[in-house]
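Here is the structure we will look at, set down as structure tokens.
Predicted model only: the values in this text are computed from it and were never measured.
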Amino acid sequence: MQEFTKFPTKTGRRSLSRSISQSSTDSYSSAASYTDSSDDEVSPREKQQTNSKGSSNFCVKNIKQAEFGRREIEIAEQDMSALISLRKRAQGEKPLAGAKIVGCTHITAQTAVLIETLCALGAQCRWAACNIYSTQNEVAAALAEAGVAVFAWKGESEDDFWWCIDRCVNVDGWQPNMILDDGGDLTHWVYKKYPSVFKKIRGIVEESVTGVHRLYQLSKAGKLCVPAMNVNDSVTKQKFDNLYCCRESILDGLKRTTDVMFGGKQVVVCGYGEVGKGCCAALKALGAIVYVTEIDPICALQACMDGFRVVKLSEVIRQVDVVITCTGNKNVVTREHLDRMKNSCIVCNMGHSNTEIDVTSLRTPELTWERVRSQVDHVIWPDGKRVVLLAEGRLLNLSCSTVPTFVLSITATTQALALIELYNAPEGRYKQDVYLLPKKMDEYVASLHLPSFDAHLTELTDDQAKYLGLNKNGPFKPNYYRY
């Protein structure tokens, strides 16, 4: 012990048990950002910071972390070759010249590559985070140093979250004409606070299930006043980001936060869409016993055919070790479910919004909250039972870990093309409605990523193309085709 005390850590002498360490500044649990939200108690809103060019048009945790964040962005660029290729091809034409894009997405090294691509194509950008826990502070600092007006830091409060969005929209002498949203919060804020801004908006690009649902609601009510592009349901987003990204990142998030072993564990996954399919496949591969809950008979039948038992949550809630939500709905896991869970049950969310788990119902006097790691809370019942809640019910993978860079390149390239399409579309092509990305663009995004695998496409002969009634250069599938 004498030898051990000679080497104090940043947080003092680290407990020999990582499970009870106060690790909010501990390198073991830095997760989505190498700098945690609690390393400085002063709110970024109260700091006066300037970048090397003298600009203070940003609000980040610490501008001094910019050099480290730049290295993170450069590393991400190496696995986002398709997006970089698009940047180089279109940089001379500047297809986004004159575009003023206000964005609300996760701020990570990968989205930074997208933001800088948009700037290279001629756009001016102002950016906020769509999740209070997913921002990589050093990356936000690097963007601010590069001149992007970014307002985000890891560990924002709810008030901070809306303040950052407001700072992006409400600025003298600058008015956006394009919106890139992830979750619909930015679009909602503009509708609520600054509806006149939509007079100059040419289009909205939305990438999440939650945000797209909100757009369709606006469209149905006749309140959508600009064209919107539904990126979430484009093939290159749904079949790659939603499925393959979640298949890998669900395990990463759970392992980093809990060190749980999945072999033999009973897990219930709520929802069997693309995200649910990815989660189930990963958990099954590690030997977990996986149950699925579903409202849709088609998705339920798919789960059955994939070898999963479809149940109601109430039927298995007493016995499962892990509960994962990925429905896009609200109150999927209620206080009644939480009361019936067994001791040490892990509860987390893989959907965009924090509405799936009724976390508010847990903030009552009879329950005790104990922070055991960054983004890991033990909620303790009066009888001593503990439920392990991850990221306070927010998106697990981007709050508690990272996501694969390559698959985000596919999504980011799709977003960039959607912005270019809406911004440059002649008047009348798109009305005040929600549209899917043209099939040809989906295929173009996919083709840009094939060289990474040294993949070689077979080309149709003239006779084969005539037989199928196709153009040799695509599109190769009708719009109704289900991949």
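- A donor-acceptor distance shorter than 3.5 angstrom exists from the side chain of Lys255 to the backbone of Val260, with no hydrogens or angles considered.
- Applying the ring pair (Phe, Tyr, Trp, His ring centres under 6.0 Å) rule to Tyr444 yields no partners; only residues at least two apart in sequence or on another chain are considered.
- Heavy atoms from other residues, nucleotides or ligands lying under 6.0 Å from CD of Gln217 number more than 12.
- Screening residues 409-431 for ring-ring contact (aromatic ring centres under 6.0 Å, His included) gives Tyr430-Tyr435 as the qualifying pairs, with residues at least two apart or on separate chains.
- Salt-bridge check for Glu421 with Lys440: failed, with every basic side-chain N at 4.0 Å or more from each acidic carboxylate O.
- Partners of Glu294 under the side-chain hydrogen bond (donor to acceptor under 3.5 Å, both in side chains) rule, at least two apart in sequence or in another chain, do not exist in this structure.
- No hydrogens or angles considered: a donor-acceptor pair under 3.5 Å links the side chains of Thr411 and Asp241.
- Counting only heavy atoms from C-beta outward, the side chains of Ser81 and Ser452 approach each other to under 4.5 Å.
- Side-chain N or O atoms of Asn424 include one that pairs as donor or acceptor with a backbone N or O of Pro95 at under 3.5 Å.
- Under 3.5 Å, the side chains of Asp442 and Thr236 contain a donor-acceptor pair of N or O atoms.
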Table please: side-chain donor-acceptor pairs of residues 476-483 below 3.5 Å, with sequence neighbours left out.
none

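- For the residue pair Thr334 / His337, a side-chain donor-acceptor distance below 3.5 Å is found, with atom types taken as modelled.
- In this view, Glu158 and Arg394 satisfy the side-chain hydrogen bond (donor to acceptor under 3.5 Å, both in side chains) rule, not counting sequence neighbours.
- With Met178 as reference, Leu422 is the one residue of Leu422, Ile204, Val102 to meet the side-chain contact (heavy atoms from CB on, under 4.5 Å) rule.
- For Phe161, the ring pair (Phe, Tyr, Trp, His ring centres under 6.0 Å) test picks out no residue, with sequence neighbours left out.
- No donor-acceptor pair under 3.5 Å is formed between the side chain of Asp358 and the backbone N or O of Leu338.
- Within the model, atoms CZ of Arg126 and SG of Cys168 stand 6.0 Å from one another, a figure rounded to the nearest 0.5 Å.
- Residues Arg256 and Leu390 are not in side-chain contact: their nearest non-hydrogen atoms beyond the backbone lie 4.5 Å or more apart.
- Inter-residue side-chain proximity for Val332 and Thr355 is flagged as unmet; no heavy-atom pair is nearer than 4.5 Å.
- Around the CZ atom of Arg309, the shell of radius 6.0 Å holds no more than 12 heavy atoms that belong to other residues, nucleotides or ligands.
- For the residue pair Thr108 / Gln110, a side-chain donor-acceptor distance below 3.5 Å is found, with atom types taken as modelled.
- Sorted by first and then second residue, the pairs that involve residues 80-100 and meet salt bridge (charged side-chain N to carboxylate O under 4.0 Å, His left out), not counting sequence neighbours, are Glu77-Arg87.
- Under the rule for a ring pair (Phe, Tyr, Trp, His ring centres under 6.0 Å), Trp174 has no partner lying at least two apart in sequence or in another chain.
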Scan the side chains in residues 311-329 for donor-acceptor partners under 3.5 Å anywhere in the protein, sequence neighbours excluded, and list what turns up.
{"from": "Glu315", "atom 1": "OE1", "to": "Lys312", "atom 2": "N", "distance (Å)": "3.3"}
{"from": "Gln319", "atom 1": "NE2", "to": "Gln266", "atom 2": "OE1", "distance (Å)": "3.0"}
{"from": "Gln319", "atom 1": "NE2", "to": "Tyr291", "atom 2": "OH", "distance (Å)": "3.2"}
{"from": "Asp321", "atom 1": "OD1", "to": "Lys342", "atom 2": "NZ", "distance (Å)": "2.7"}
{"from": "Asp321", "atom 1": "OD2", "to": "Gln266", "atom 2": "N", "distance (Å)": "2.9"}
{"from": "Thr325", "atom 1": "OG1", "to": "Asn349", "atom 2": "OD1", "distance (Å)": "2.9"}
{"from": "Thr327", "atom 1": "OG1", "to": "Asn329", "atom 2": "N", "distance (Å)": "2.9"}
{"from": "Thr327", "atom 1": "OG1", "to": "Glu356", "atom 2": "OE1", "distance (Å)": "2.9"}

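- Here the side chain of Asn137 pairs a donor or acceptor atom with the backbone of Lys154 at under 3.5 angstrom.
- With sequence neighbours left out, the side-chain hydrogen bond (donor to acceptor under 3.5 Å, both in side chains) criterion links Tyr272 to Asp306.
- A donor-acceptor pair is defined here as one N or O able to donate and one able to accept, closer than 3.5 Å; no such pair exists between the side chain of Ser219 and the backbone of Leu215.
- In this structure, the side chain of Tyr191 engages the main chain of Lys223 through a donor-acceptor pair within 3.5 Å.
- Remark: Leu450 CG is packed, more than 12 non-hydrogen atoms of other residues, nucleotides or ligands lying under 6.0 Å away.
- There is no side-chain donor-acceptor pair under 3.5 Å between Ser249 and Asp252.
- A 4.5 Å side-chain heavy-atom check between Val333 and Met341 finds at least one atom pair inside the cut-off.
- A donor-acceptor contact shorter than 3.5 Å links the side chain of Glu206 to the backbone of Gly183.
- Looking at His352 and Ser208, their side chains never bring a donor and an acceptor atom within 3.5 Å of each other.
- Between Lys192 and Asp185 there is no salt bridge, since none of the side-chain N atoms of the basic residue sits less than 4.0 Å from a carboxylate O of the acidic one.
- With rounding to the nearest 0.5 Å, the separation of NZ in Lys237 from CG in Asn232 is 4.5 Å.
- The main-chain N or O of Leu398 is never found under 3.5 Å from a side-chain atom of Ser134 such that the two would form a donor-acceptor pair.
- Atom CG of Leu468 has more than 12 heavy atoms from other residues, nucleotides or ligands within 6.0 Å.
- Salt-bridge check for Asp339 with Arg335: passed, with a basic side-chain N closer than 4.0 Å to an acidic carboxylate O.
- Remark: the backbone N or O of Val379 is not paired with any side-chain donor or acceptor of Asp377 at under 3.5 angstrom.
- Using a 4.5 Å heavy-atom cutoff, the side chains of Leu417 and Leu86 are in contact.
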Go through the steps to decide whether Asn397 and Ile250 satisfy the test side chain to side chain contact (heavy atoms under 4.5 Å, CB included), and finish with yes or no. CA-CA 6 Å; Asn397 55 3; Ile250 177 64; over 6 Å; no
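- In this structure, Gln136 contributes its side chain and Ala109 its backbone to a donor-acceptor pair below 3.5 Å.
- Within the model, atoms NZ of Lys330 and CG of Asn354 stand 12.5 Å from one another, a figure rounded to the nearest 0.5 Å.
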Apply side chain to side chain contact (heavy atoms under 4.5 Å, CB included) to the pair Trp127 and Leu143, showing each step before the final yes or no. CA-CA 10 Å; Trp127 228 263; Leu143 287 170; over 6 Å; no
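- Residues Ser409 and Asp79 have side chains not in contact (no heavy-atom distance under 4.5 Å, counting atoms from C-beta outward).
- Ion pair Lys239/Glu274 flagged as a salt bridge, since at least one NZ, NE, NH1 or NH2 atom sits closer than 4.0 Å to an Asp/Glu carboxylate oxygen.
- Every pair passing ring-ring contact (aromatic ring centres under 6.0 Å, His included) that includes a residue from residues 241-271 is listed here, sequence neighbours excluded: Phe240-Tyr244.
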Check the pair Ile179 / Phe198 against side chain to side chain contact (heavy atoms under 4.5 Å, CB included), numbers first and verdict last. CA-CA 10 Å; Ile179 291 175; Phe198 280 104; 4.2 Å; yes
Stepwise, does the side chain to side chain contact (heavy atoms under 4.5 Å, CB included) test hold for Trp163 with Glu156? CA-CA 10 Å; Trp163 179 85; Glu156 298 169 2; over 6 Å; no
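- Contact of the Ile107 side chain with the Trp153 side chain is not registered, since no non-hydrogen atoms from C-beta on lie closer than 4.5 Å.
- By the side-chain hydrogen bond (donor to acceptor under 3.5 Å, both in side chains) test, Asp463 is found to be paired with no residue, residues two or more places apart in sequence or in another chain being considered.
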